[in-house]
Number of protein chains: 2
Amino acid sequence: MSKLDNQMDKINQQLKAKGYKLTHQRAMTLRVLLENEQDHLSAEDVYMLVKKTYPEIGLATVYRTLELLTELHIVEKMNFGDGVARFDLRDDSQEHMHHHLICAKCGVLKEIQEDWLLELEQRVQREFGFTVTDHRLDFTGLFQSCSAGECKRGKDTKAS
Amino acid sequence: MSKLDNQMDKINQQLKAKGYKLTHQRAMTLRVLLENEQDHLSAEDVYMLVKKTYPEIGLATVYRTLELLTELHIVEKMNFGDGVARFDLRDDSQEHMHHHLICAKCGVLKEIQEDWLLELEQRVQREFGFTVTDHRLDFTGLFQSCSAGECKRGKDTKAS
DNA sequence: ATTAAGATGATAATGATTATAAATTGAGAA
DNA sequence: TTCTCAATTTATAATCATTATCATCTTAAT
């Protein structure tokens with residue numbers, strides 16, 4: 001059984017446990033997410049990719065599926081201020097959202113896998129009596145290569 | 001001269017320096033922002049507040065003004081995932097955006113004024129060759145009072 | 001006062017997302 | 001297998017925030 005099948009199976013369990021079915025459409029949507037784990041796809045992106053192998057799917061279904069998966073904490077819905085929500089498979093081993101480095105020039109986006117915030121979360125708890133359940137940390141700035149003017153993309157801010 | 005006048009004057013200088021006029025509408029919009037420094041108002045919020053003392057103002061003007069102020073780094077445009085942009089006067093002494101604590105239950109929002117990220121920014125520079133120009137740190141979770149069920153607001157997520 | 005650039009206000013247009021309603025699917029009962 | 005019901009899907013209309021358009025209005029300099 002491939003890694004992909006394995007992951008799919010695991011998610012299937014989660015869906016079933018909550019009384020949801022893994023329909024063909026949902027499976028296709030998940031597959032796209034699994035095959036693009038590194039990207040931060042918008043709903044439209046996902047829609048286009050699913051359509052390639054399953055042209056009958058409707059945009060609304062993609063939206064609904066992404067919302068469902070977000071509720072189940074299988075994907076992470078995020079927002080980089082460009083007016084579209086982006087979705088990302090949530091790694092089980094990763095309790096929180098990844099941190100991001102976003103190039104201010106070309107929009108290239110890099111994930112930091114480690115969790116750098118445990119200490120600050122304890123501090124928030126101590127100083128504000130606030131129990132953190134999730135967090136978000138994005139840095140905007142310039143990569144060395146981008147400040148050297150080697151940015152590939154002009155301004156289309158496609159997350160990848 | 002009141003503190004408000006003082007701030008207004010300072011911003012006027014900034015506008016002039018860039019060749020923009022401080023029109024009545026812009027002044028009114030700024031006043032609302034200055035009088036609500038603690039809040040994170042949406043464009044619509046600002047519009048409603050300005051209308052109270054200047055009913056002739058148009059929504060588009062408010063949007064335009066907020067965008068202008070954002071470009072000049074006088075206000076900070078932010079986004080908490082509820083589908084509306086929120087605006088916040090930017091403190092000169094504060095180089096970056098404030099950190100936020102967001103109650104997952106009622107949406108109450110608290111600012112942390114200190115900058116807790118200098119160390120992590122150095123780390124980003126070291127490990128990724130990424131020069132940070134701005135950052136964003138939000139924690140989602142529960143305040144003690146909210147987990148005790150004393151949340152005031154149900155789910156309207158009005159930032160304040 | 002005249003003119004031209006900058007601003008504004010009303011409103012139409014856009015784009016992402018959500019709601020609606022009719023049609024389809026699938027699991028279990030008969 | 002056939003029936004039935006609830007979940008799901010699809011196409012599309014509706015919504016909501018934001019942006020663009022354009023005619024009108026201000027204002028500062030001539």
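Computed from a prediction, not measured in an experiment: that's the story for all the values here. Numbered from 1 within each chain, the chains take letters A, B, ... in sequence-line order.
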[X] [atom1] to [N] [atom2]: how many Å, rounded?
X       : N      : atom1 : atom2 : answer
B:Asp45 : D:dA17 : CG    : C1'   : 13 Å
B:Leu22 : C:dA7  : CG    : C1'   : 13 Å
A:Tyr47 : C:dG15 : OH    : P     : 16 Å
B:Tyr54 : C:dG9  : OH    : C1'   : 10 Å
B:His24 : C:dG6  : NE2   : C1'   : 18 Å
A:Ile57 : C:dT24 : CD1   : C1'   : 15 Å
B:Arg86 : D:dA17 : CZ    : P     : 10 Å

In terms of side-chain heavy atoms of [X], which of [options] is nearest?
X       : options               : answer
A:Ala60 : C:dT17, D:dT8, D:dA11 : D:dA11
B:Lys21 : C:dT18, D:dT8, C:dA7  : C:dA7
A:Thr61 : C:dG9, D:dT18, D:dT9  : D:dT9
A:Ala43 : C:dT11, C:dT17, D:dT8 : C:dT17
A:Glu67 : C:dA16, C:dT18, C:dA7 : C:dT18

Indicate the ring-plane relationship of [X] and [Y], choosing parallel, tilted or perpendicular according to the 30° and 60° boundaries.
X        : Y        : result
A:Phe143 : B:Phe130 : perpendicular
A:His40  : A:His100 : perpendicular
B:Phe128 : A:Trp116 : tilted

ask   = B:Thr29 and B:Arg26: side-chain donor and acceptor closer than 3.5 Å?
value =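 Not at all, the side chains of B:Thr29 and B:Arg26 share no donor-acceptor pair under 3.5 Å.
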query = Between A:His73 and A:Gln14, do the side chains contain an N or O donor and an N or O acceptor separated by less than 3.5 Å?
reply =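 No, because no side-chain N or O of A:His73 sits under 3.5 Å from a partner of the opposite role on A:Gln14.
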message = By the 4.0 Å heavy-atom rule, please label B:Arg64 as base, sugar-phosphate, or nothing.
response =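 Since a base atom lies under 4.0 Å of B:Arg64, the category is base.
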message = Taking any heavy-atom pair under 4.0 Å as a contact, classify B:Glu44: base, sugar-phosphate, or nothing.
response =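 Contact class for B:Glu44: none.
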Ignoring backbone atoms, establish whether [X] has a side-chain N or O less than 4.0 Å from OP1 or OP2 of [N].
X       : N      : value
A:Tyr63 : C:dT17 : yes
B:Gln25 : C:dG9  : yes
A:Thr23 : D:dT9  : yes

